[in-house]
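To keep things clear, I will list the structure first and then write my remarks on it.
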Amino acid sequence: MTPEDRRKQIAVLVRSSERVSVDQLHQRLGCSRETIRRDLQILEDRGLIRKYHGGATALRGAPLIRDTEGPFTARMHENTAGKLRMASLAAALFDPGDSLLIDTGTTTVYLAEELARREGLTVITNSLTVATLAAGGRGAECFVIGGKLRLEASELLGPLALRQIANFKARHAVITVGAVGPDAFMDFDLDEAEIARAMIAQAETLTILADSSKIGRRALFEVCAVGEADRLVTDTPLPPAMARTLADAGVEVLVAAGADCAA
């Protein structure tokens, strides 16, 4: 985890919990207290939190760390280590003979690389990149959903894609989201949210992939209510309030934890 990724996570934790101590952040992130104090000062200087002696509180009206998602190619290089861990953990959830509806996302690209190491999977996707990678698995079958091509992410969207998704009945839907709130999984893009909703409707189980940068954020378009998901795969432990909310909703949380933070 880079220092900037760590600061983003601290800001999310403060916003989610409203009040967090240096000791709590030290235990959660595994960083030294001195590193945490420096990060809190930087975040306060950016107007994202309010620091007090021994911790920090949420700052009313403070902006989210990021209120839109950046270009796909840039996001491929954000939190790469965390996404790789998530992809490895998620791939192990599926067995030969399983069928998976997979949407377009940076984490699902890494997932497709892992799925290519497994056998006998059927993948249905609107991502040309996911399809190309997943098709390399032994005994794999791959179906590409057609539609209007958005070149930047090599994804196919729109009414044609939605109609084609309705032709499939899959065992699993594996969906990426841009934001995880206490009541819903959300996205910043209407077309992508519609694809995700269509895939969810055609699958028996739902696995959400969302790294720590998505936790505690809000986005304009709802993908599904929290209780509709069967599993959430993420890369760091959730803030306690969010963990309780998901547990109460019956969502299994799988954490692909990594090594200690960098200073």
Side-chain angles (χ1 to χ4, degrees), residues 1-2 4-6 8-10 12-13 16 28-30 65-66 69-70 72-95 98 100-118 121 123 125 127 129-131 133-134 136-137 153 155 171-181 185-188 192 196 199-200 203 205-217 219 223-224 226 228-239 242-243 246-247 251-262:
M1 180 185 294
T2 68
E4 194 59 32
D5 285 338
R6 185 182 63 244
K8 289 178 182 179
Q9 187 175 351
I10 289 171
V12 168
L13 289 168
S16 300
R28 173 63 63 86
L29 301 175
I65 295 301
R66 186 173 57 191
E69 289 192 297
F72 189 88
T73 50
R75 286 188 283 120
M76 281 297 301
H77 301 289
E78 294 179 354
N79 191 20
T80 303
K83 292 174 181 177
L84 286 169
R85 295 196 308 270
M86 290 167 57
S88 179
L89 188 157
L93 300 174
F94 309 114
D95 299 315
D98 278 347
L100 292 74
L101 279 157
I102 303 177
D103 74 346
T104 301
T106 56
T107 309
T108 50
V109 169
Y110 293 119
L111 173 64
E113 293 178 328
E114 292 292 329
L115 294 178
R117 298 183 174 94
R118 304 184 70 81
L121 296 175
V123 170
T125 182
S127 165
T129 306
V130 168
L133 292 169
E155 62 182 331
R171 177 77 179 90
H172 305 279
V174 185
I175 303 298
T176 57
V177 294
V180 179
F185 297 102
M186 296 156 281
D187 216 325
F188 294 95
E192 291 181 348
M199 288 184 172
I200 292 168
T205 69
L206 172 58
T207 299
I208 300 284
L209 306 181
D211 72 9
S212 55
S213 69
K214 313 300 193 302
I215 308 302
R217 297 174 68 187
V223 171
C224 68
V226 164
E228 293 182 56
D230 297 283
R231 295 180 293 225
L232 169 67
V233 178
T234 188
D235 62 325
T236 61
L238 298 179
M242 183 67 73
L246 292 176
V251 181
E252 180 184 13
V253 177
L254 304 175
V255 180
D260 287 349
C261 304

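The shown structure was predicted, so the numbers you read here are calculated from the model rather than taken from an experiment.
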Check: Do C224 and L206 come within less than 4.5 Å of each other through their side chains, counting heavy atoms only?
Finding: yes
Next item on the list: Taking all non-hydrogen atoms of both residues into account, name the closest pair between P239 and I215 and its distance.
Entry: CD-CG2, 3.9 Å
Notebook entry, point to check: Which atom names give the shortest non-hydrogen contact between G216 and M242, and what distance separates them?
Noted result: N-CE, 4.1 Å
Notebook entry, point to check: Side chains of T207 and L254: closer than 4.5 Å at any heavy-atom pair?
Noted result: no
Next item on the list: Can you measure from CG (L111) to OG1 (T106) and round to the nearest 0.5 angstrom?
Entry: 11.5 Å
Check: Can you name the closest pair of heavy atoms from M86 and A256 and give their distance?
Finding: N-CB, 3.7 Å
Notebook entry, point to check: Where do A116 and L133 come nearest, in terms of heavy atoms and distance?
Noted result: CB-O, 3.3 Å
Check: Shortest non-hydrogen contact from V255 to P237?
Finding: CG1-N, 3.7 Å
Next item on the list: Working to the nearest 0.5 Å, report the span between CZ of R118 and CZ of F94.
Entry: 9.0 Å
Check: Roughly how far apart are T104 OG1 and I175 CD1, rounded to 0.5 Å?
Finding: 9.5 Å
Item checked: Check: E155 main-chain N/O paired with S127 side-chain donor or acceptor under 3.5 Å -> no
Note to self: Rounded at 0.5 Å granularity, tell me how far CD1 in I208 sits from CZ in R231.
What the structure shows: 11.0 Å
Notebook entry, point to check: R6 versus I10: any side-chain heavy-atom pair under 4.5 Å?
Noted result: yes
Checklist line | From OG1 (T236) to CZ (R85), nearest 0.5 Å | finding: 8.5 Å
Next item on the list: Would you confirm whether R171, through its side chain, and D98, through its main-chain N or O, come within 3.5 Å as a donor-acceptor pair?
Entry: no
Check: Could you go step by step and tell me if F188 and R217 meet the side-chain contact (heavy atoms from CB on, under 4.5 Å) rule?
Finding: CA-CA 11 Å; F188 294 95; R217 297 174 68 187; 3.1 Å; yes
Next item on the list: Please list, chain by chain and in numerical order, all residues satisfying side chain to side chain donor-acceptor pair (under 3.5 Å) with T176, sequence neighbours excluded.
Entry: D103
Item checked: F185 CZ to L209 CG distance, which is reported to the nearest 0.5 Å -> 10.5 Å
Checklist line | A203 to H172 - nearest heavy-atom pair and separation | finding: CB-C, 3.6 Å
Item checked: Beyond-backbone contact of T107 with D211, side-chain heavy atoms, under 4.5 angstrom -> no
Next item on the list: May I ask you to test the I102-L115 pair for a side-chain heavy-atom distance under 4.5 Å?
Entry: yes
